[in-house]
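Here is the structure we will look at.
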Amino acid sequence: MLTIDVAVLLAIIVILRLRRRTEARSRKDEKMTVIIVLALGVLLAPTPLGQGIVNVLGQLASGISQAGR
C-alpha cells in the first residue's frame, strides 16, 4: 500500500498554486492558498525540520538586529 506524508502533499500543492500567474487569481483562490500554507505550517512546526527552520530564522533575525546597532 502506498502512503504519502500529508506535509509533503501540501508542500507540492503550495508550489503548484504559487507557480500560477498572479493576475489569474481570485480572492477566493488566494484565501485557499493561505489556508493551505497555514495547514502546512502547523504540520511542519513540531517536526525536526520545522524546529530547524525556526532556529535559522531566529539566528537571521538576531544577526539583523545586531547589525542595526
Checklist entry - Members other than L60 in its cluster, when Ile, Leu, Val, Met, Phe, Trp, Tyr link by side-chain heavy atoms under 4.5 Å? => result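 Hydrophobic cluster check, L60: joined to I64.
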
Next on the checklist: Running the 4.5 Å side-chain criterion over Ile, Leu, Val, Met, Phe, Trp and Tyr, what cluster does I15 land in, apart from itself?
Outcome noted: none

Checklist entry - Honestly curious: do V37 and I53 fall in one hydrophobic cluster under the side-chain, below-4.5 Å linking rule? => result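 Linked, V37 and I53 end up in one cluster.
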
Checklist entry - Any sub-3.5 Å donor-acceptor pair from Q51's side-chain atoms to P46's backbone N or O? => result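 No.
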
Next on the checklist: Within the structure provided, determine whether R17 and D29 are in side-chain contact (heavy-atom separation under 4.5 Å).
Outcome noted: yes

Next on the checklist: Tell me every residue that passes side-chain contact (heavy atoms from CB on, under 4.5 Å) with L18, counting only those two or more places apart in sequence or in another chain.
Outcome noted: V14, R25, T33

Checklist entry - Looking at residues at least two apart in the chain, or sitting in another chain, which of them share a side-chain contact (heavy atoms from CB on, under 4.5 Å) with L44? => result A7, L40, T47, L49

Item to check | Criterion side-chain contact (heavy atoms from CB on, under 4.5 Å) against L43, the qualifying member of L38, L9, V6 | outcome: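 When L38, L9, V6 are each tested with L43, the side-chain contact (heavy atoms from CB on, under 4.5 Å) holds only for V6.
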
